[in-house]
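Accompanying notes for the structure given below.
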Amino acid sequence: MSPLVKEFLETAGAVFSVHNHTPLISFDDAKEILPHDPEDMVKGLTFSHSDGGLAIVALRAKDKADYKKIADALGMRRADLKMAEPADVARKIDMEIGGIVPLPINGTRVLIDRAVLERDEIVCGTGRNTATLVISRDEWLRAAQGEIGDFSKLV
């Protein structure tokens, strides 16, 4: 677990657990490796924000992102929306791809897709791709302080 994530959650007084495992990157990896309901799995997509910071979008792991809606929420043109470079993510918020946790670490902006709220429990990254965070939806929402909207494509 990322020390920054652990410190953030503990400072917020959040109740959570961590499940350690072999490295995972994709939803398919997570379904195979983790003992949790795939419906509870939440992914964090990290984007470079126009102000130089980062934004993390929380989506159900099975859902596809709607980049136009995400760009609109961030006040950007779709053409300017870019995934954050892994090195920037590591340097700015101490997270690695496959382990992104949607929390406002170091001022990161958090957008939460409305469909995520359907779950009572959230299973997501810890900042590392070798550990998974398990937290109640309400605990996570309190800590995440995110903006709720529609950021996934209807399939």
Side-chain angles (χ1 to χ4, degrees), residues 1-67 69-71 73-74 76 80-113 115-116 119 121-137 139-148 151-153:
M1 173 176 232
S2 160
L4 280 180
V5 171
K6 184 176 185 197
E7 179 183 359
F8 183 90
L9 289 169
E10 288 175 349
T11 299
V15 175
F16 63 93
S17 63
V18 174
H19 176 82
N20 293 306
H21 49 74
T22 58
L24 58 85
I25 300 293
S26 70
F27 182 44
D28 288 334
D29 291 344
K31 289 189 297 188
E32 187 174 308
I33 294 170
L34 298 177
H36 306 286
D37 183 346
E39 292 293 318
D40 291 335
M41 295 179 192
V42 173
K43 64 184 170 188
L45 301 180
T46 310
F47 297 92
S48 295
H49 195 277
S50 57
D51 66 6
L54 298 176
I56 299 174
V57 180
L59 300 166
R60 292 182 303 187
K62 67 179 184 178
D63 290 345
K64 302 265 187 233
D66 187 320
Y67 292 96
K69 290 178 182 177
I70 293 167
L74 295 174
M76 302 170 70
D80 295 331
L81 184 67
K82 305 250 184 295
M83 295 296 288
E85 292 294 326
D88 287 340
V89 174
R91 183 175 45 79
K92 292 179 180 180
I93 58 175
D94 191 32
M95 294 187 203
E96 57 191 28
I97 304 307
I100 302 297
V101 54
L103 291 173
I105 304 294
N106 290 335
T108 297
R109 191 166 169 191
V110 177
L111 303 178
I112 301 169
D113 186 66
V116 172
R119 307 308 298 174
E121 183 173 75
I122 303 297
V123 176
C124 64
T126 61
R128 302 291 181 262
N129 65 13
T130 56
T132 295
L133 176 70
V134 181
I135 188 169
S136 78
R137 175 199 58 226
E139 284 284 303
W140 172 68
L141 282 172
R142 184 176 57 78
Q145 304 167 8
E147 303 164 45
I148 298 168
F151 305 113
S152 61
K153 290 184 179 182

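By convention here, the first residue in the shown sequence is residue 1.
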- Message: So which atom in A84 and which in L54 form the shortest heavy-atom distance, rounded to 0.1 Å?
- Response: CB-CD2, 3.7 Å

- Side-chain contact test, heavy atoms from C-beta onward, threshold under 4.5 Å: evaluate it for E121 versus V134 and give yes or no. yes

- Query: Out of T108, L111, L81, which one pairs with F47 under the side-chain contact (heavy atoms from CB on, under 4.5 Å) rule?
  - Reply: L81

- Message: Can you tell me how far apart CH2 (W140) and CZ (R119) are? Round to the nearest 0.5 Å.
- Response: 13.0 Å

- Message: Suppose the criterion is salt bridge (Lys or Arg N to Asp or Glu O under 4.0 Å): which pairs have a residue in residues 97-112, not counting sequence neighbours?
- Response: R109-E147

- Message: If I take atom NZ from residue K82 and atom OG from residue S48, how far apart are they, to the nearest 0.5 angstrom?
- Response: 9.5 Å

In residues 97-106, what donor-acceptor pairs under 3.5 Å come from side-chain atoms, sequence neighbours left out?
from : atom 1 : to  : atom 2 : distance (Å)
N106 : ND2    : K92 : O      : 2.7

- Search all heavy atoms of A58 against all heavy atoms of V116 and return the closest pair with its distance. O-CG2, 3.7 Å

- Message: Looking at S152 and D63, would you say the former's side chain and the latter's main chain have a donor-acceptor pair under 3.5 Å?
- Response: no

- Query: Atom CD1 of I56 and atom CD1 of I93: how far apart are they, to the nearest 0.5 Å?
  - Reply: 4.0 Å

- Message: For K69, I'd like to know if atom NZ has over 12 heavy atoms of other residues, nucleotides or ligands within 6.0 Å.
- Response: yes

- Just how far is it from atom OG1 of T132 to atom CG of D40, taken to the nearest 0.5 Å? 12.0 Å

- Message: Just so I know, are the side chains of D94 and P3 near enough to count as touching, which here means a heavy-atom distance under 4.5 Å?
- Response: yes

- Measure the shortest side-chain to side-chain distance between R128 and M1 over non-hydrogen atoms and say whether it is less than 4.5 angstrom. no

- Worked check of side chain to side chain contact (heavy atoms under 4.5 Å, CB included) between V42 and D113: CA-CA 10 Å; V42 173; D113 186 66; over 6 Å; no

- What distance do M95 atom CE and L4 atom CG have between them, rounded to the nearest 0.5 Å? 8.0 Å

- Item | Pairs touching residues 82-104 that satisfy ring-ring contact (aromatic ring centres under 6.0 Å, His included), sequence neighbours left out | none

- Task: Check whether any side-chain heavy atom of H19 lies under 4.5 Å from a side-chain heavy atom of V123, and answer yes or no.
- Result: no

- Is any side-chain heavy atom of V5 less than 4.5 Å from a side-chain heavy atom of L133? no

- Item | Which atom of L74 lies closest to which atom of A55, heavy atoms considered | CD2-CB, 3.8 Å

- To the nearest 0.5 angstrom, please state how far the CE atom of M41 sits from the CG atom of L59. 15.0 Å

